[in-house]
Each structure stands twice: as structure tokens, then as C-alpha cells.
Amino acid sequence: MDHLSPQQDLSYWVERCSICFDARLDLCLDYCRDQFCLDCFQKYVKEVVTSSWGLSVKKIRCPVCQIHIAQSEWSKYVPEDTVELYNKHNRPYRSFSRHCPRCETETVACEYTKPRPFFHHSDGHRSKLIQKMILELLAVCNSRLHRHSDIHQLATTFEQQDWRNSTLHSLHKRTMVTLMDFVDHDLHDPSQISKVYSISRQILLLDMKSETWKRLQFSHISFFPNVECPNSACCTPFCLQCGYEKHLGRTCEANMQQRMTLTGSTDMDPIKWKLEHSKRCPSCSILITRDEGCNKVDCSFCGHAFCWLCCSSWSEKCGFYKCATLGLTQQPDKTSEAKAELGVPDMHHILSKFFSRG
Ligand SMILES: [Zn+2]
Ligand SMILES: [Zn+2]
Ligand SMILES: [Zn+2]
Ligand SMILES: [Zn+2]
Ligand SMILES: [Zn+2]
Ligand SMILES: [Zn+2]
């Protein structure tokens, strides 16, 4: 640019895109006045939107100063399909989904419908309904030996709507563990498990914040990992935790191992790769895969940060390249005892117990 005067030189840079420094600016952001060419801005937003498939709402920020750009502003400059993808990925109360292993239809465990605000009593009504369902399940037990004070206590909690957003997640978990245990040890009747399932679905429809819903749906999936493909021509039952067809009686990992053995796997087998690079997120129970990187993993579904080697919640204790619990070279123990410590119930085993009876 030797041919430009200092004045021209300045105006040259003032009019350039802040990403490529090459094209003339097409747009200037309202608040921070950072400027871009349309091509760069569209590519940038598309990149952010495509990678925003976690369950938290992603804010689009200025690529230069990181200030939050309102959707009404950035959406003016990008193609309609980018906006559509953003809206699909960034709904609050979004459901975790997987694609059917047979026909690729997107499948969810449950959808959230927020109770209508003008219909004041709907939530109290639902809560009383849950109490009624719990007591009905309890009434199936005709043994007078058990008093089941824990189940009565749960019923009372729902009757009195005695929970907050912060306690609903643990209440759901406690309710499921207690009722599963009751069906298993006192009723010995596998058909009753569907009642526990219905109770879980009703709890998921109580009035709650989107963050609570996110945690609760994963709690539901950890107890009921299997769904049926909604495509009526397919209806394949499959596992939301790993994405493979339903595998009662085997963990996701054991199931993948068996599939590998059956197909006479080669080194190119995608299951082999997945098995070697997968781990269950200790928070949401979904099997996540990782190619390479440091020890810190942020689960892309629930956002939980943990150490890939020892699976404990991320803290200063485990470094990015040295795990405090297992040391640098030692591989984590892959036995089921180690997995049980993570606090995620192995429902494939428990459910198979129910369904193989009677
Ligand atoms: Zn540019
Ligand atoms: Zn900016
Ligand atoms: Zn299907
Ligand atoms: Zn599975
Ligand atoms: Zn997770
Ligand atoms: Zn560690």
C-alpha cells in the first residue's frame, strides 16, 4: 500500500472487515460498532449455531469484542436456515434426542409442556394426581408386614407441593429409587413398572425452570433409557444412552462389546472406535465419545465438567494432563464396580429383571 497517502491508508483500514481484513465492510453492529463483510459474518454465525447442539441456550457474541448480539440483530444478516437451526437448537425446555438406529427418525424421551399461567390450579392438580398414582401403586401391595412410611412420605410431599426448583431433581430421583425398590422387593410384579414410568412422566410436567427440566429429563432417561422410534413403519425400540437397539440385561458397553464379537470386528469397525473412546457422563448418564484432548471434558449434553480419566467432577485436583486419582499413565478401572460409584444406576440390568419374570 505504498501508493496510499496516510489519509487513504487510514480510510482503507476503517472500511475493512474485522475478520478477513480484506473485503469492504457490509455491516456494522449496533452497539459495539465492530464491522464485518457479510460472507465472514454469516460463516461465523453458522459455525457458532452448528456447534450449539448442547441443551443450554447459546448466545451469539461479537467475534471481536464478545459482546452479546441480540437475535433480532444477527438474524437480519444470515440466511433463514441458519436462524431455523438456531431456534431448533436453542429452545429452552429442549428435549434430548437421538436418531433411530434403523430409520434415522429423531426420537425424544419426553417433551415439556409448560403449565398455562392463567390456569392457576393445573400444577396443584398434577401434583395431587402424582400423589394419587403413588398411593394406587402402594395399594397393590397386600402384605400388612410393610408400613412403607417412605412411600407415604413421598405421597405427602406431592400432595403438599413441598418442593422447589432446586429440590425437584433430587425428589424425582428419590421417588424413582423408592418406587423401583418397592416394585422389585414387595410387589414382584413386572407389569407395575409401567406405573412408575407414568409417575416419572407426570413429575416431568410439573412447573419448573428450564435448567431444572434439563436435569430432570436426564434423570428420567437414567431410569428409563429405552424409547420406541415414533415412525409407525419402524417402531424400533432403542437405547437413548448409547443409540443402539434396546439391550435389556447388558450395559451399553457390554452390548457394544457383544455386537463387535458377533460381527467379527476389524480395526476399522466404528463400534470398536466408539467403545474405546466412550464414557458415561457421571451427571446425565449419556454415553459420550471423545477423540483426543486433555483430561477436562465438558459434557455437550448437560454441561457437566469432569475428569475423563477418573470421572470425578472437574476441580483443581485433576490437572489437564495429569489425573490426581489415577496418575499420568494408569488407565481407569473398567469394572462395573467402578461405574457403580458414579451414581448412575445401571437400569438395563434392573429393567431386565422386571421383564424376564412372569
Ligand atoms: Zn470478511
Ligand atoms: Zn464487537
Ligand atoms: Zn425408526
Ligand atoms: Zn445403551
Ligand atoms: Zn452429561
Ligand atoms: Zn482425574
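In each ligand, atom 1 is the first atom listed, and ligand 1 is the first ligand listed.
- Protein atoms of type N, O or S found under 2.8 Å from the Zn ion (ligand 1) total 4.
- No donor-acceptor pair closer than 3.5 Å links the side chain of Ser200 to the backbone N or O of Val196.
- A 4.5 Å side-chain heavy-atom check between Trp213 and Leu204 finds at least one atom pair inside the cut-off.
- Angle SG(Cys100) to the Zn ion (ligand 3) to SG(Cys103): 110° [nearest 10 degrees].
- Checking Cys235 against the Zn ion (ligand 3), every N/O/S atom stays at or beyond the 2.8 Å cut-off.
- Between Val49 and Ile60 there is a side-chain heavy-atom pair separated by less than 4.5 Å.
- The two atoms that bring Pro101 and Tyr244 nearest to each other are CG-C, 4.3 Å, heavy atoms only.
- Side-chain atoms of Asn87 and Gln71 include a donor-acceptor pair closer than 3.5 Å.
- With the Zn ion (ligand 5) as the vertex, SG of Cys302 and SG of Cys284 span 110° to the nearest 10°.
- Looking at Lys173 and Phe223, their side chains come closer than 4.5 Å, going by heavy atoms from C-beta outward.
- Residues Glu245 and Thr236 come closest through the heavy atom pair CG-CG2, 3.7 Å.
- For a distance bound of 2.8 Å, the N, O or S atoms of Cys281 include one lying that close to the Zn ion (ligand 5).
- Annotation: Trp308 is not in aromatic contact with Phe320 [ring centroid separation under 6.0 Å not met].
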